[in-house]
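Worth knowing before you read on, the calculation uses all heavy atoms, side chains too, and leaves out hydrogens, waters and symmetry mates.
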Amino acid sequence: MGKMILQAKNINKSFSNGKTKLSVLRDFSLDAEAGQIITIMGQSGSGKTTALNILGTLDQFDSGELTISGRQVQSMNETELSKIRNRDIGFVFQFHHLLPEFSAIENILMPTWINRKVDNTEYALDLIDKMGLTNRKDHFPSQLSGGERSRVAVARALMNKPKLVLADEPTGNLDEKNANKLIDLLGQINKDFQQAIVLTTHNPQVARIGHKQYILENGALSKKV
Ligand SMILES: Nc1ncnc2c1ncn2[C@@H]1O[C@H](COP(=O)(O)OP(=O)(O)O)[C@@H](O)[C@H]1O
Ligand SMILES: [Mg+2]
């Protein structure tokens, strides 16, 4: 069994819009070990993004427990949270949020600029090579295809060597060929670096790369059959 990276236990989360309260997560529980890919399928609005935001400490929850790398998230202050976010977690968003005025390699190096002063260009070039982007590294996001942008976003997420990668519908706006390529790469980096990966998707074929495959329904996970 791999080292436990992430433990969410009976997480509850609701949003209130004025008078009405919308309960999104209800006793949501999930464990992720090093090296494990976990996929979560669910209809639009089922709470996938909410769940990943909470697992990534980007959003707060109402009750429950969240442990990342053995540390309880609910007892951390904002400084500790941002440290764990930068050091231990890599995010891949559906719309990748690349900065348009920076080149591919600059976008990939961005997390290291925020974090540390050391020069990590060599490692960035390594990731760029792995992602098949070597001849695109100086291009700006507007000069890249959707698939290339997604791969830049994955490389950026890996830059700080996170223990946990959270990917929210990373193939959501890709055609099948690019989706498959991204999934292959995620599988490969998971083998190489042994991160825990939690990935949400609409696509049953993408969900199949999960060592554990779940469906998010009525606010909680059930095993995919
Ligand atoms: N900040 C928010 N305020 C109020 N409601 C929200 C907020 N974020 C999400 N929701 C609602 O929570 C539900 C789950 O949303 P989301 O997690 O984005 O689902 P998914 O990613 O599975 O499509 C939706 O009904 C959505 O409208
Ligand atoms: Mg979503």
- Item | Cluster link Tyr123 to Leu185, ILVMFWY, side chain under 4.5 Å | yes
- From CD1 (Ile215) to CE (Met41), nearest 0.5 Å: 6.5 Å
- Counting N and O atoms only, with roles assigned by atom type, does the side chain of Arg156 sit under 3.5 Å from a partner on the main chain of Asn107, one being a donor and the other an acceptor? no
- Message: Can you confirm whether Leu133 sits close enough to Leu127 that some side-chain heavy atom of one is under 4.5 Å from a side-chain heavy atom of the other?
- Response: no
- Carefully, step by step, assess Gln213 and Lys223 under the rule side-chain contact (heavy atoms from CB on, under 4.5 Å). CA-CA 6 Å; Gln213 301 171 19; Lys223 274 240 161 69; over 6 Å; no
- Message: Strictly distance-based, threshold 3.5 Å: is any side-chain N or O of Asp88 a donor or acceptor partner for the main-chain N or O of Pro162?
- Response: no
- About how many Å separate OG1 of Thr50 and CD1 of Ile11, when rounded to the nearest 0.5 Å? 12.0 Å
- Taking C-beta and beyond as the side chain, do Arg87 and Lys161 meet within less than 4.5 Å on heavy atoms? no
- Query: So, Glu78 and Arg85, do they make that salt bridge, N to O below 4.0 Å?
  - Reply: yes
- Cluster link Leu55 to Ile84, ILVMFWY, side chain under 4.5 Å: yes
- Query: Are the side chain of Thr39 and the backbone of Leu199 linked by a donor-acceptor contact shorter than 3.5 Å?
  - Reply: no
- Taking all non-hydrogen atoms of both residues, which atom of Asn135 and which atom of His139 are closest, and how far apart? O-NE2, 3.7 Å
- Message: By the side chain to side chain donor-acceptor pair (under 3.5 Å) test, which pairs, at least two apart or in different chains, include something from residues 20-30?
- Response: Asn10-Ser29, Asn12-Asp27, Ser23-Arg26
- Query: Cluster question for you: counting only ILVMFWY and a side-chain heavy-atom cut-off of under 4.5 Å, with indirect links fine, are Phe61 and Leu81 together?
  - Reply: yes
- Which salt bridge (Lys or Arg N to Asp or Glu O under 4.0 Å) pairs, counting each pair once, include a residue from residues 207-221, with sequence neighbours left out? none
- Query: Stepwise, does the side-chain contact (heavy atoms from CB on, under 4.5 Å) test hold for Met4 with Ser69?
  - Reply: CA-CA 7 Å; Met4 192 63 78; Ser69 297; over 6 Å; no
- Task: Pick out which of Asn120, Val154, Val152, Leu158 makes a side chain to side chain contact (heavy atoms under 4.5 Å, CB included) with Ile108.
- Result: Val152
- Message: Closer than 3.5 angstrom, by distance alone: can the side chain of Gln74 be matched with the main-chain N or O of Leu66 as a donor-acceptor pair?
- Response: yes
- At what distance, to the nearest 0.5 angstrom, does CD1 of Ile68 lie from CD1 of Ile5? 10.0 Å
- Query: Taking only residues at least two apart or on different chains, which pairs with a member in residues 129-143 satisfy salt bridge (Lys or Arg N to Asp or Glu O under 4.0 Å)?
  - Reply: Lys130-Asp192, Arg136-Glu148
Under 3.5 Å, which donor-acceptor pairs do the side chains of residues 170-184 form with other protein atoms, sequence neighbours left out?
| unit_1 | atom_1 | unit_2 | atom_2 | d |
| --- | --- | --- | --- | --- |
| Asp175 | OD1 | Lys177 | N | 3.2 |
| Asp175 | OD1 | Asn178 | N | 2.8 |
| Asp175 | OD1 | Asn178 | ND2 | 3.3 |
| Asp175 | OD2 | Asn178 | ND2 | 3.4 |
| Asn180 | ND2 | Glu176 | O | 3.3 |

- Message: Are Val206 and Phe91 linked, directly or through intermediate hydrophobic residues, by side-chain heavy-atom contacts shorter than 4.5 Å (ILVMFWY only)?
- Response: no
- Between CG on residue Leu166 and CG on residue Leu58, distance to nearest 0.5 Å: 8.5 Å
- Shortest non-hydrogen contact between Ala32 and Ile38, atoms and distance: CB-CD1, 3.5 Å
- Query: Quick one: are Ser14 and Leu22 in side-chain contact, heavy atoms under 4.5 Å?
  - Reply: no
- Residues, nucleotides or ligands: over 12 heavy atoms within 6.0 Å of Gln60 CD: no
- Query: In Å and rounded to the nearest 0.5 Å, what is the CE to CZ distance from Met131 to Arg151?
  - Reply: 8.5 Å
- Do Ile209 and Leu216 sit in the same hydrophobic cluster, where Ile, Leu, Val, Met, Phe, Trp and Tyr count as joined when their side-chain heavy atoms come under 4.5 Å apart? no
- So, does Lys48 use its side chain to make a donor-acceptor pair with the main chain of Gln43 at under 3.5 Å? yes
- Please identify each residue that fulfils side chain to side chain contact (heavy atoms under 4.5 Å, CB included) with Glu106, with sequence neighbours left out. Phe102, Ser103, Trp113
- Message: For Val165 and Val198: C-alpha separation, side-chain torsions, deciding distance, then whether side-chain contact (heavy atoms from CB on, under 4.5 Å) applies.
- Response: CA-CA 6 Å; Val165 174; Val198 182; over 6 Å; no
- Message: Once side chain to side chain contact (heavy atoms under 4.5 Å, CB included) is applied, do any residues pair with Asn190, and if so which ones, sequence neighbours excluded?
- Response: Ile37, Gln195, Ile197, His211
- Query: Counting distance only, does the side-chain N/O of Thr201 pair as donor-acceptor with the main-chain N or O of Asn203 below 3.5 Å?
  - Reply: yes
- Message: With a 4.0 Å cut-off on N to O distance, would you call Asp59 and Lys13 a salt bridge?
- Response: yes
- Looking at CG of Leu30 and CD1 of Ile40, how far apart are the two atoms once the value is rounded to the nearest 0.5 Å? 5.5 Å
- Message: Could you walk me through whether Glu169 and His202 satisfy the side-chain contact (heavy atoms from CB on, under 4.5 Å) test, starting with their C-alpha distance in whole Å, then the side-chain angles of each, then the deciding distance to 0.1 Å, before giving a yes or no?
- Response: CA-CA 7 Å; Glu169 301 198 44; His202 267 112; 3.0 Å; yes
